Amino acid sequence: MLTFDVEEFDLPLEYGMSLTSAEQLAIGKQGLDVIRDVLEDKTTSCTLFTTANFALKYPASIARLSLDHEIASHTFFHSSFKREDLFNSRQVLEDIISKKVHGLRMPRMKKIEGGWIRKAGYSYDASLNPTWIPGQYNNFRMPRNCYEENGITRVPASVSANFRIPLFWLAFKNLPYAYFKRLALQAFHKDGYLSLYFHPWEFLDLSDYNLPAIIKRKSGIGLLDKLKHLISDFKKEAEFTTIRSFLETGEPGWVHTVKEAYQSYS
Ligand SMILES: [Zn+2]
């Protein structure tokens with residue numbers, strides 16, 4: 001499962017740089033345009049977690065992408081959150097794509113109560129990175145596998161088979177390709193699936209932004225080539241699918257009960 005968070009580029013704000021809301025949206029859109037090859041590949045269906053704010057600005061693009069990919073919610077605005085944004089963002093996205101939206105991912109993988117998600121009309125949540133990210137969250141003891149809880153399914157992002165090294169966007173860009181691929185393959189064989197997440201704006205040249213080197217050093221076309229390499233290598237191992245169809249058609253045993261999920265937390 002290849003997933004992208006399709007959003008306004010508000011990250012530089014965290015590092016004291018100011019960007020207008022229009023600039024943030026425009027950069028998000030440039031990123032989406034730059035990964036066009038990946039999104040136009042009919043054999044690679046992705047899940048695109050989109051803010052309603054972004055979708056309202058570029059409704060035609062989101063509607064077109066919904067023909068080949070799953071559109072899910074990344075709440076309303078990337079920089080702020082109110083509980084009603086869960087429901088409202090789903091409504092906005094459904095109006096734009098004329099399809100039901102099933103999934104949610106919170107900006108910055110914020111923890112969110114299952115009851116809130118269910119009441120807002122979602123069936124799954126992909127906001128869990130089951131590892132420790134210093135300064136952000138410590139989910140080291142959370143399940144690494146999909147599990148049902150309070151009427152929704154939690155779909156954790158993938159972590160390595162040992163030591164739970166996060167296989168997320170920062171690891172992909174900073175680790176040597178062969179090492180990341182080996183960790184991803186091991187996780188794939190351990191868990192039976194792999195769930196990776198990126199942002200379209202990573203594939204733009206970020207050198208002019210006031211961002212830490214770990215974020216901007218490897219960006220742009222070089223990173224896009226690395227991603228294409230990974231996709232082509234994984235096509236030899238597995239099938240790409242959206243989170244929604246993975247949950248719908250997955251083999252029994254892929255989704256655990258809470259108890260099972262916690263028991264096999266290693
Ligand atoms: Zn995001």
Side-chain angles (χ1 to χ4, degrees), residues 1-15 17 19-35 38-39 46-58 61-62 65 69-83 85-86 88-90 92-93 96 101-112 116-117 120 122 124-131 133 135-137 139 154-159 166-174 195-204 206 209 211-212 214-216 219 223 227 242-243:
M1 290 172 277
L2 188 58
T3 76
F4 291 93
D5 294 353
V6 178
E7 61 197 29
E8 51 274 30
F9 181 55
D10 66 350
L11 191 60
L13 274 60
E14 282 182 30
Y15 299 94
M17 193 173 175
L19 280 179
T20 65
S21 163
E23 286 169 328
Q24 294 170 35
L25 285 160
I27 295 162
K29 177 63 164 61
Q30 285 165 26
L32 198 57
D33 293 341
V34 136
I35 61 165
V38 171
L39 297 175
C46 307
T47 299
L48 309 176
F49 291 95
T50 309
T51 61
N53 184 37
F54 188 91
L56 284 169
K57 176 74 179 174
Y58 305 105
S61 299
I62 298 302
L65 287 165
H69 305 285
E70 176 187 10
I71 304 295
S73 173
H74 200 35
T75 73
F76 215 102
F77 297 101
H78 207 260
S79 301
S80 66
F81 176 70
K82 295 192 296 267
R83 184 175 169 177
D85 293 345
L86 294 174
N88 292 340
S89 63
R90 186 175 63 75
V92 165
L93 293 173
I96 289 171
V101 164
H102 299 273
L104 172 77
R105 174 177 289 150
M106 292 296 289
R108 299 181 177 86
M109 301 296 238
K110 267 215 174 108
K111 198 174 244 171
I112 177 126
W116 288 20
I117 306 173
Y122 298 94
Y124 78 82
D125 170 48
S127 312
L128 173 60
N129 195 9
T131 188
I133 305 289
Q136 302 274 333
Y137 42 76
N139 294 326
R154 302 272 192 186
V155 185
S158 286
V159 291
L167 299 175
F168 66 159
W169 60 289
L170 278 172
F172 179 71
K173 71 165 63 199
N174 287 294
S195 176
L196 303 179
Y197 73 98
F198 301 94
H199 312 83
W201 49 256
E202 289 174 58
F203 303 95
L204 298 170
L206 300 178
Y209 296 100
L211 293 169
I214 191 177
I215 295 176
K216 72 174 182 182
S219 61
L223 186 65
L227 178 64
T242 64
I243 295 183

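For reference, positions follow the sequence shown, starting with 1. Start at 1 and go down the list; that is how both ligands and their atoms are numbered. The model shown is predicted, which means the values in this text are computed figures rather than measured ones.
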Quiz prompt | Working for ring pair (Phe, Tyr, Trp, His ring centres under 6.0 Å), residues Y58 and F54 | solution = CA-CA 6 Å; Y58 305 105; F54 188 91; 5.0 Å; yes

Exercise. Would you give the length of the straight line joining atom OH of Y209 to atom CD1 of I215, rounded to the nearest 0.5 angstrom?
Key: 13.5 Å

Quiz item: So how far is it from R154 CZ to I112 CD1, rounded to the nearest 0.5 Å?
Solution: 8.0 Å

Quiz prompt | Close aromatic pair by centroid cut-off 6.0 Å: W169 and F198 | solution = no

Quiz item: Which residues and atoms, protein N, O or S only, are under 2.8 Å from the Zn ion (ligand 1)?
Solution: E7 OE1, H74 NE2, H78 NE2

Quiz item: In terms of side-chain geometry, is the basic nitrogen of R105 or D5 positioned less than 4.0 Å from the acidic oxygen of its partner?
Solution: yes

Self-check item: Sequence-distant partners of R108, salt bridge (Lys or Arg N to Asp or Glu O under 4.0 Å), two or more places apart
Solution: D10, E14

